[in-house]
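To start, the structure under review is shown below, and the notes come after it.
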Amino acid sequence: MLSKRGFGRSQTRQTREVSGSQEQRKPRPLGPPQIYTDHIVPLLSRGLDQQAEPLLRLMAQSQSPLPEVLRDLAHLLEKQGASQEAEELFRKWLNHQPKDPHQILAQAKKADQLQLSELALERYLQLLDRRPADEEALIRVSELLIKAGDFVKAEPLLQQRLETEPSNPDVLIQASRCCFELGQLSTAGNLAERALALVPDDASMKAVLARHRQHQGDDAGALALAEQALVLAQEPGECTLVNRLVALVFLEQGHLERSEDALRRALAADPGLQELHLQLAKNLLLLGNLLEGFQEYRRSQEHQSPQKQRRSTSLPIWGTTNSPQPLALIAEGTLGDTLLFSRYAPWIKSRHGLDVRLYVQLPLHNFLQQALGDTIPVEPYSNLKQLKEGSVLSLLSAPSEFGTCQEHPELNKPHLKADPETSEQWRQLVDLMPGERLVGINWQGSPLEALTERHRSDFPLEDLKPLAELPNIKLVSLQKGMGTEQLPSCSFRESFIANQNTVSAELRFEQTAALMAQCDWIVTDDSGPAHLAGCLGINTIVLLPELCNWRWGARGSTAPWYPKTTLLRMQPGEGWQSLVSQACEIIEKLGPTEPSTNTAP
């Protein structure tokens with residue numbers, strides 16, 4: 001007979017064994033990965049889409065963490081023609097960051113297909129980090145970088161591709177365009193020639209080569225290539241590039257109307273391209289269409305990237321609804337631009353009754369503060385961040401907002417005056433003999449290298465020697481910085497005033513303005529002194545290269561903003577000596593000028 005104790009132990013053991021056996025037979029709950037792997041993948045692999053779809057939808061509705069669910073369901077819907085729902089699922093799938101290179105490539109291609117260029121580029125770059133020699137990624141990354149305008153990053157990738165595919169026309173075309181956009185015109189032209197040997201009818205390469213030939217001085221060859229490129233260009237993107245490039249060829253050869261037409265066609269295809277608006281603005285200003293030109297300039301600023309639009313203030317831009325006062329006019333161009341367009345500050349206040357303030361570059365602060373008097377507060381640009389209320393407007397945008405000197409002739413009157421006490425000090429230092437006339441000269445402007453000789457406004461000091469040979473003429477150099485090294489070896493050094501060294505050492509604009517007020521004439525290249533003299537109302541002769549900048553227009557001998565300034569333009573085949581001879585004739589013909597009125601009362 002079994003004891004109760006023994007019976008109990010046996011019963012317990014048996015119960016546990018049965019219980020354990022039941023637990024082993026009980027099915028385990030399947031998680032999303034197991035469902036996807038064990039059920040959905042086999043169905044999809046056998047083409048049983050209708051059976052897979054309900055499972056995929058159920059998992060998607062339950063917000064499965066598996067991105068493959070979204071991808072596969074999107075593919076099924078795409079097959080069924082439900083494109084909108086499929087695209088929404090694809091976009092959700094693309095938000096997941098893959099680790100497997102195959103999935104990275106799949107996402108890159110889909111982002112590309114959905115025209116999500118930034119995301120596609122990001123994924124292709126991730127793939128290149130893992131597989132640097134991936135040919136498909138290299139090709140598409142270089143294409144996307146060029147499309148995004150990031151030529152700096154595209155160049156090394158294209159060089160890498162050129163090493164392995166030196167005769168690939170697509171690589172040559174991309175590399176040529178990239179080098180052109182980076183300013184490597186010679187390299188771009190050579191690559192374009194290689195590309196055209198393989199694809200003779202490529203419009204973009206003919207346009208690049210046209211710019212290269214223009215740079216080399218082959219006007220006829222450049223013009224012929226530009227004409228061919230225009231005929232061949234078909235695709236919208238290609239038309240934009242070709243028109244932009246041939247516009248520069250037309251511009252340099254003086255075909256301004258044709259250049260304008262090309263730019264307008266390029267803008268019709270790509271109205272958001274900031275560079276095109278800026279180029280058209282300069283073209284219109286050269287043609288003398290001031291208001292429309294400045295309106296295009298302002299559009300070019302509106303199309304700038306947010307990074308380039310940053311200023312030292314968060315105040316709204318003037319021109320929006322109910323723009324608050326005060327109106328802060330801010331100088332964002334060259335010093336010459338600030339001098340030229342500072343006339344808008346007192347004019348806007350007088351004509352429109354607005355509370356106007358002017359924020360300028362530090363070198364001009366003291367001079368403009370003195371020259372504009374108490375009517376307009378003038379502060380350094382760095383103080384703009386202290387302005388807590390009002391609106392801001394770039395000085396170069398003021399003409400588009402308020403009009404130009406063509407609509408308002410009073411805007412072309414001299415608006416700056418030199419300080420009378422400082423002017424008297426300089427009169428004594430100049431110390432002219434009775435009957436002598438003083439001519440201020442400047443021969444070198446910005447140290448920036450010009451694209452071609454046609455752009456170059458600098459000339460040697462020695463070219464101004466005929467001025468020194470005029471009767472009763474004394475010269476004073478207004479040159480500062482680069483260019484002054486030519487003075488000691490100048491062959492007509494004795495024709496300068498005795499205190500020239502004192503003048504050369506003085507860099508303050510208020511002092512230069514007071515010295516200019518003693519001059520009968522100013523003869524200068526296209527540089528800051530030309531604008532300062534024009535704003536002071538001094539008789540000025542500006543010597544201009546064949547292709548001058550937009551501030552002077554492209555035609556005529558008068559400056560739109562400066563009534564007492566004469567423009568002498570170099571003609572093809574001429575040199576600077578020819579312009580200097582013309583300047584001498586003007587000075588001799590007009591004789592002594594009236595007593596100076598270029599000082600403040």
Side-chain angles (χ1 to χ4, degrees), residues 115 117 139-140 142-151 154 158 167-216 218-284 286-287 296 299-300 303 451:
Q115 298 183 348
S117 298
I139 293 172
R140 196 59 188 129
S142 57
E143 291 173 348
L144 288 169
L145 285 172
I146 287 178
K147 181 180 179 181
D150 196 342
F151 303 103
L158 289 167
S167 298
N168 185 323
D170 291 334
V171 180
L172 288 167
I173 289 170
Q174 290 177 29
S176 174
R177 182 184 172 190
C178 187
C179 290
F180 173 80
E181 299 292 356
L182 291 174
Q184 302 168 11
L185 192 53
S186 179
T187 303
N190 292 333
L191 290 169
E193 285 185 305
R194 288 168 56 186
L196 286 169
L198 300 169
V199 280
D201 291 335
D202 187 275
S204 65
M205 289 300 93
K206 284 186 178 289
V208 170
L209 190 56
R211 288 289 297 127
H212 179 49
R213 295 280 171 83
Q214 182 77 46
H215 186 74
Q216 293 177 318
D218 181 6
D219 288 3
L223 196 59
L225 284 165
E227 299 281 8
Q228 294 169 25
L230 284 175
V231 173
L232 292 169
Q234 299 294 330
E235 299 295 328
E238 187 179 48
C239 289
T240 301
L241 175 64
V242 166
N243 278 291
R244 178 164 66 92
L245 297 187
V246 302
L248 293 171
V249 174
F250 294 145
L251 174 63
E252 287 193 23
Q253 298 196 30
H255 305 302
L256 295 177
E257 287 80 8
R258 295 201 64 187
S259 176
E260 178 190 351
D261 179 63
L263 289 169
R264 289 192 185 279
R265 281 188 275 118
L267 274 170
D270 192 351
L273 192 57
Q274 182 258 353
E275 181 186 348
L276 290 175
H277 286 285
L278 184 58
Q279 200 170 324
L280 179 58
K282 294 177 179 179
N283 204 102
L284 290 168
L286 283 168
L287 282 167
E296 279 297 323
R299 289 190 190 101
S300 76
H303 284 90
L451 292 176

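Quick caveat: nothing in here was measured; it's all calculated off a predicted structure.
Residues Ala222 and Gln253 come closest through the heavy atom pair CB-NE2, 4.2 Å. Among all heavy-atom pairs drawn from Asn243 and Ala262, the shortest one is CB-O, 3.2 Å. Residues Pro271 and His277 approach most closely at O-NE2, 2.7 Å, considering heavy atoms. Contact record, Thr187 with Cys179: CG2-SG, 3.8 Å, taken as the closest heavy-atom pair.
Shown here are the side chain to side chain contact (heavy atoms under 4.5 Å, CB included) partners of Ser117, two or more places apart in sequence or in another chain: Leu144, Lys147. Here Gln279 pairs with nothing under the side-chain hydrogen bond (donor to acceptor under 3.5 Å, both in side chains) rule; sequence neighbours left out. Among residues two or more places apart in sequence or in another chain, the salt bridge (Lys or Arg N to Asp or Glu O under 4.0 Å) test is passed with Asp261 by Arg265. Legend: residues meeting salt bridge (Lys or Arg N to Asp or Glu O under 4.0 Å) with Asp150, ordered by chain and number and at least two apart, are Lys153. Considering only residues two or more places apart in sequence or on other chains, Glu275 meets the side-chain hydrogen bond (donor to acceptor under 3.5 Å, both in side chains) condition with Arg244. Residues that satisfy the side chain to side chain contact (heavy atoms under 4.5 Å, CB included) test with Ser204, not counting sequence neighbours, are Ile173, Asp202, Leu241. For Leu182, the side chain to side chain contact (heavy atoms under 4.5 Å, CB included) criterion is met by Phe151, Val152, Glu155, Cys178, Gln184, not counting sequence neighbours. Under the side-chain hydrogen bond (donor to acceptor under 3.5 Å, both in side chains) criterion, Asn190 pairs with no residue at all, not counting sequence neighbours. Residues passing the side-chain hydrogen bond (donor to acceptor under 3.5 Å, both in side chains) test with Arg140, sequence neighbours excluded: Asp112, Glu143. In this view, Gln216 and His212, Arg213 satisfy the side chain to side chain contact (heavy atoms under 4.5 Å, CB included) rule, not counting sequence neighbours.
In this structure the side chain of Glu252 reaches within 4.5 angstrom of the side chain of Arg211, judged on heavy atoms. Contact of the Lys282 side chain with the Leu251 side chain is not registered, since no non-hydrogen atoms from C-beta on lie closer than 4.5 Å. Using a 4.5 Å heavy-atom threshold, the side chains of Phe180 and Leu185 count as touching. Between Val199 and Met205 the shortest side-chain heavy-atom distance does not fall below 4.5 Å. Contact check for Asp170 versus Ile139: no side-chain heavy atoms found under the 4.5 Å cut-off. Contact check for Leu191 versus Arg194: side-chain heavy atoms found under the 4.5 Å cut-off.
With rounding to the nearest 0.5 Å, the separation of CG in Leu196 from CD in Glu193 is 8.0 Å. Once rounded to the nearest 0.5 Å, the distance linking CZ of Phe250 with CG of Asn283 reads 11.5 Å. The OG atom of Ser300 sits 10.5 Å away from the CG atom of Leu276 when rounded to the nearest 0.5 Å. Put simply, CG on Leu225 and CG on Leu245 are 12.0 Å apart, with the number rounded to the nearest 0.5 Å.
Side-chain contact check for Asp270 and Thr240: no donor-acceptor pair (N or O, by modelled atom type) lies under 3.5 Å.
Using a cutoff of 4.0 Å between basic side-chain nitrogens and carboxylate oxygens, Glu296 and Arg264 are not scored as salt-bridged.
Within the 3.5 Å criterion, the main-chain N or O of Ala188 finds a donor-acceptor partner in the side chain of Ser176.
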When the side chains of residues 230-238 are checked against the rest of the protein, which donor-acceptor pairs come out under 3.5 Å, sequence neighbours left out?
| unit_1 | atom_1 | unit_2 | atom_2 | d |
| --- | --- | --- | --- | --- |
| Glu238 | OE1 | Gln234 | N | 3.2 |

